[in-house]
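Owing to the predicted nature of the structure, the values given are computational and were not obtained by experimental measurement.
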There are 2 protein chains.
Amino acid sequence: MNIGEAASASGVPAKTIRYYESIGLLTPAPRSQGGYRVYSDTDLKVLKFVQRARSLGFAVKDVGNLLKLWSDRERSSGDVKAVAIRHIDEIDRKLAELHSIRETLVHLTRRCHGDDRPDCPILDDLARNGN
Amino acid sequence: MNIGEAASASGVPAKTIRYYESIGLLTPAPRSQGGYRVYSDTDLKVLKFVQRARSLGFAVKDVGNLLKLWSDRERSSGDVKAVAIRHIDEIDRKLAELHSIRETLVHLTRRCHGDDRPDCPILDDLARNGN
DNA sequence: TCTTGACCTTCCCAATGCTGGAAGGACCAT
DNA sequence: ATGGTCCTTCCAGCATTGGGAAGGTCAAGA
């Protein structure tokens, strides 16, 4: 199949597939006589794998690792789990940061009456000297 | 003061200050005879404002809006609040997405024994055809 | 057969928000 | 004078695409 079909079947845009190929995440697809990339059902499975891993927030580099692990029948599940756990830790860090930021913002907006009057605790906070 | 001092006093790296100037977020600093950027205490307050707003996750564009609102004595607090609330909404979207991803990953890692055996529900999930 | 339109190709630019480095000038203390 | 530490500009790159131009390919219809 052509890249367009592979794209709509996998959920990875054609542009992105080409990009993944260019950075070495995907092995270059063989070409038809006219120079079109040709994808097999196996390739499609890889694309879907990538799509799903990316949708779970794995960095492209991590996806590369997962792909390697996926094709390695000798790998231990512990290796895969380690990648996943590192990713969860990363997510936890982001969650904590966003939660903390959110709390500050909610606190500030609650104190800001948000009408036509000019005085605004949000700006006051941003401008206050001691951090 | 020089850019280096302004940087360490504000928490915004010198490189970043120049970058902000280049994209128009900050008005160009006046120069000394030797061509060095010179910052006043007022400039420092602006830099700190920017630092704090960025640390709260406001996009650079939003920081620009907030700076304008900050220097506008006529603005209503409602305008500021609107920026903040849009930002909170954005954060909420990210939080929801991360929570959902986290749940999936935790579920998968729990089912993966993570030892030397090769079979791994994490890869199985990534590779599964549906979805 | 010719044409049309949808697809594909490569290439470059844009975005976000910086960060690093190179080449060279400025400043300050010894 | 000399060295070291600042500063300057410019260029390039990170990650992850999206957009679009210029042009080639392919399949179907008139």
Side-chain angles (χ1 to χ4, degrees), chain A residues 1-26 28-40 43-44 47 49-67 86-87 90-91 93-94 97-98 101, chain B residues 1-26 28-40 43-44 47 49-67 86-87 90-91 93-94 97-98 101:
Chain A
M1 78 196 79
N2 282 343
I3 198 172
E5 202 180 338
S8 56
S10 68
V12 183
K15 278 240 155 194
T16 305
I17 295 175
R18 292 194 199 100
Y19 168 70
Y20 287 162
E21 194 186 290
S22 82
I23 62 170
L25 176 64
L26 302 174
R31 303 299 183 104
S32 71
Q33 264 202 324
Y36 286 17
R37 286 173 183 81
V38 177
Y39 295 89
S40 68
D43 296 330
L44 189 53
L47 286 172
F49 182 102
V50 170
Q51 203 290 320
R52 172 103 178 117
R54 291 288 295 131
S55 81
L56 287 176
F58 284 100
V60 172
K61 200 172 269 184
D62 287 337
V63 178
N65 285 333
L66 290 171
L67 277 176
R86 255 188 287 118
H87 186 35
E90 179 67 24
I91 288 173
R93 266 194 297 281
K94 283 186 194 159
E97 194 187 350
L98 285 177
I101 287 175
Chain B
M1 76 194 82
N2 282 342
I3 198 171
E5 202 181 337
S8 56
S10 68
V12 183
K15 277 245 160 194
T16 305
I17 295 174
R18 291 193 200 99
Y19 167 70
Y20 285 161
E21 195 186 287
S22 82
I23 61 170
L25 176 65
L26 301 175
R31 303 300 182 103
S32 71
Q33 263 201 325
Y36 286 17
R37 284 173 184 81
V38 176
Y39 295 90
S40 68
D43 296 330
L44 189 54
L47 286 171
F49 182 103
V50 170
Q51 203 292 316
R52 172 99 177 121
R54 290 289 296 130
S55 81
L56 286 176
F58 283 100
V60 171
K61 201 171 269 186
D62 286 338
V63 178
N65 284 332
L66 290 170
L67 277 176
R86 254 187 288 119
H87 185 34
E90 179 66 23
I91 287 172
R93 265 193 298 280
K94 284 185 194 159
E97 194 187 348
L98 286 176
I101 288 174

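Both B:Gly35 and B:Phe58 lie close to DNA chain C; mapped to their nearest nucleotides by heavy-atom distance, the more 5′-ward contact belongs to B:Phe58. Comparing A:Thr16 and A:Ser32, the nucleotide of DNA chain D nearest to each residue sits closer to the 5' end for A:Thr16. Mapping B:Tyr36 and A:Gly4 onto DNA chain C via the closest heavy atom, the residue that lands nearer the 5' end is A:Gly4.
Between the side chain of B:Lys15 and the base of C:dG17, no donor-acceptor pair of N or O atoms lies under 3.5 Å.
Residues A:Phe49 and A:Leu66 form a side-chain contact, since some pair of their non-hydrogen atoms from C-beta on lies under 4.5 Å apart.
Set against D:dC7, C:dG17, D:dT16, the side chain of A:Tyr19 has D:dT16 as its closest nucleotide. Checking D:dT9, D:dA15, C:dT10 against the side-chain heavy atoms of B:Arg31 singles out D:dT9 as nearest.
When the C1' atom of C:dG25 is taken as reference, atom CG of B:Asn2 falls 14 Å away, rounded to whole Å. Regarding B:Arg18, its CZ atom lies at a distance of 14 Å from the C1' atom of D:dC11, rounded to whole Å. Between B:Tyr39 atom OH and D:dT8 atom C1' there is a gap of 12 Å when expressed in whole angstrom units. When rounded to the nearest whole Å, the span between CD1 of A:Ile3 and P of D:dG18 equals 13 Å. Rounded to an integer number of Å, the gap from CD of B:Glu21 to P of C:dG17 is 18 Å.
Under 4.0 angstrom from either OP1 or OP2 of C:dC18 there lies at least one side-chain N or O belonging to B:Tyr20. Residue B:Arg54 has a polar side-chain atom (N or O) positioned under 4.0 Å from OP1 or OP2 of C:dC18. A:Arg37 has a side-chain polar atom (N or O) that falls below the 4.0 Å cut-off from OP1 or OP2 of C:dT10.
As judged by a 4.0 angstrom heavy-atom cut-off over every strand, B:Ala59 is placed among residues touching the sugar-phosphate backbone only.
Tested against B:Arg54 for a side-chain contact (heavy atoms from CB on, under 4.5 Å), the candidates B:Val12, B:Val63, B:Thr16, B:Asp62 yield a single pass: B:Val63.
Rounding to the nearest 0.5 Å places CG of A:Leu47 at 10.0 Å from OH of A:Tyr20.
Taking a cutoff of 4.0 Å between a charged side-chain nitrogen and a carboxylate oxygen, B:Glu97 and B:Lys94 do not qualify as a salt bridge. The pair B:Arg18-B:Glu21 does not count as a salt bridge, with every side-chain nitrogen at least 4.0 angstrom from each carboxylate oxygen.
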